[in-house]
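Report on the following structure.
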Amino acid sequence: MSLRHAVLGLLAESPASGYDLMKTFDLSLAHVWPATQSQVYGELNKLTSADLIEVASHGPRGRKEYAITKAGRAELHHWLTEVEPVGPQRHDGLLRVFFLGVLTPLEARTYLLQQAERSARAHAGYRALADAGNWEGEMIAVYGRIALEFGLRQTAMMEEWANWAASEITSDQARRSREAAGEQGPEQHHAMELEQAQGQAQAQDRVQKRDLAQDQEQAQEEAQVQKQEQ
């Protein structure tokens, strides 16, 4: 979905000013397709230049009310019926789940529980919007309520999934997988770091001793050469 088609869709319902459109975005579309004031007004200018909308009336203090044109309705209809919807192809939060194995179980559980908390907050926001909105009358309100239901169900599902995933971190299967992979706890990891540092120090000490022995051997050879020359 593009901002262009969001504006066309709103104006297809009824003519509106830029201010009116921003109110609608803030009240109903913000959770689906958020937009800033500069983006909305910029899109109004582009749509006007493309003859997809027109200025229907002028009001006080330079207020303009925009209406969709016949060409605009044709574009909106084309987008709704012939353009394949594009869903989310990338999910940063879910991508991280694939690599939680590099963290400690506590860190992995904390991450997932934070995801559950975020989903719960988002769900509460959708619920407040559903309770406060007037979902009767205009067609955009009817279908807006349907779209809002998606947000309510999705956030509820995400919260449930994240809590379930957090419990899986401490399951017997996860424990066996960590043991099979040789996963170490924080204390063991620290001990491994100390052992590695000690090993490096011992290696450096061996190198220094070897270099010293080589220097002594070279000095002895030079001393023998000097004696022979005398």
Side-chain angles (χ1 to χ4, degrees), residues 1-95 115 117-159 161:
M1 175 180 175
S2 68
L3 179 58
R4 160 174 291 211
H5 296 102
V7 173
L8 286 175
L10 292 176
L11 292 178
E13 182 71 24
S14 63
S17 66
Y19 175 78
D20 295 332
L21 291 173
M22 280 307 306
K23 285 179 58 179
T24 305
F25 266 98
D26 292 339
L27 292 175
S28 60
L29 294 183
H31 295 286
V32 178
W33 199 264
T36 64
Q37 179 175 325
S38 61
Q39 289 174 329
V40 169
Y41 278 90
E43 196 60 50
L44 286 172
N45 291 331
K46 294 177 183 177
L47 290 170
T48 303
S49 298
D51 295 326
L52 298 178
I53 65 174
E54 61 186 3
V55 178
S57 63
H58 293 269
R61 296 185 297 278
R63 182 180 185 275
K64 297 179 182 179
E65 189 171 77
Y66 297 88
I68 191 169
T69 64
K70 184 177 180 180
R73 287 187 180 276
E75 169 60 26
L76 180 61
H77 186 272
H78 167 74
W79 174 71
L80 286 169
T81 60
E82 299 182 37
V83 178
E84 185 74 18
V86 178
Q89 300 297 315
R90 296 177 179 177
H91 194 305
D92 178 76
L94 194 56
L95 175 62
Q115 297 302 306
E117 184 180 351
R118 291 190 184 97
S119 296
R121 289 199 301 268
H123 184 83
Y126 284 127
R127 175 54 59 194
L129 184 60
D131 293 341
N134 179 16
W135 303 103
E136 303 294 336
E138 296 181 348
M139 291 304 297
I140 194 171
V142 175
Y143 291 101
R145 181 65 180 83
I146 294 174
L148 179 62
E149 184 65 23
F150 173 83
L152 286 167
R153 297 189 185 198
Q154 182 187 51
T155 50
M157 181 277 294
M158 286 295 295
E159 181 183 3
W161 169 83

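As a basis for the values below, the full set of heavy atoms in this structure was taken, side chains included, without hydrogen atoms, waters or symmetry mates.
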Which donor-acceptor pairs under 3.5 Å do the side chains of residues 148-158 make with protein atoms, sequence neighbours left out?
from, atom 1, to, atom 2, distance (Å)
Glu149, OE1, Arg145, NH1, 3.1
Glu149, OE2, Arg153, NE, 3.0
Thr155, OG1, His123, ND1, 3.0
Thr155, OG1, Gly151, O, 2.7
Thr155, OG1, Leu152, O, 3.2

Grab the two heavy atoms, one from Val7 and one from Leu21, that are nearest each other, plus how far apart they are. CG1-CD1, 4.1 Å
State, to 0.1 Å, how close Gly18 and Tyr41 come at their nearest heavy-atom pair, and which atoms those are. C-OH, 3.3 Å
Please give me the minimum heavy-atom distance between Leu3 and Ala35, naming the atom from each residue. CD1-CB, 3.8 Å
With Arg118, which residues qualify under salt bridge (charged side-chain N to carboxylate O under 4.0 Å, His left out), at least two apart? none
Check side-chain hydrogen bond (donor to acceptor under 3.5 Å, both in side chains) between Thr36 and all other residues, then give those that pass, not counting sequence neighbours. Ser38, Gln39
With sequence neighbours left out, the residues meeting salt bridge (charged side-chain N to carboxylate O under 4.0 Å, His left out) with Glu43 are Arg4
Output all residues satisfying side-chain hydrogen bond (donor to acceptor under 3.5 Å, both in side chains) with Arg121, sequence neighbours left out; order by chain, then residue number. Glu117
Under 3.5 Å, which donor-acceptor pairs do the side chains of residues 56-64 form with other protein atoms, sequence neighbours left out?
from, atom 1, to, atom 2, distance (Å)
Arg63, NH2, Ser17, OG, 3.3
Arg63, NH2, Asp20, OD2, 2.8

Counterpart residues, salt bridge (charged side-chain N to carboxylate O under 4.0 Å, His left out), relative to Glu54 (two or more places apart): none
Would you give the length of the straight line joining atom CG of Leu11 to atom CD1 of Ile68, rounded to the nearest 0.5 angstrom? 6.5 Å
Return the CG to NE2 distance between Leu10 and His5, rounded to the nearest 0.5 Å. 13.0 Å
State, to 0.1 Å, how close Tyr66 and Thr48 come at their nearest heavy-atom pair, and which atoms those are. CE2-OG1, 3.7 Å
Counterpart residues, side-chain contact (heavy atoms from CB on, under 4.5 Å), relative to Leu94 (two or more places apart): His91, Val97, Trp161
Looking only at heavy atoms, the pair that brings Leu8 and Leu52 closest together is CD2-O, 4.0 Å
Grab the two heavy atoms, one from Ala12 and one from Leu76, that are nearest each other, plus how far apart they are. CB-CD2, 3.7 Å
Taking side-chain contact (heavy atoms from CB on, under 4.5 Å) as the test, write out the residues that go with Ala120, two or more places apart. Glu159
Which residues pass the side-chain contact (heavy atoms from CB on, under 4.5 Å) test with His77, sequence neighbours left out? Thr81
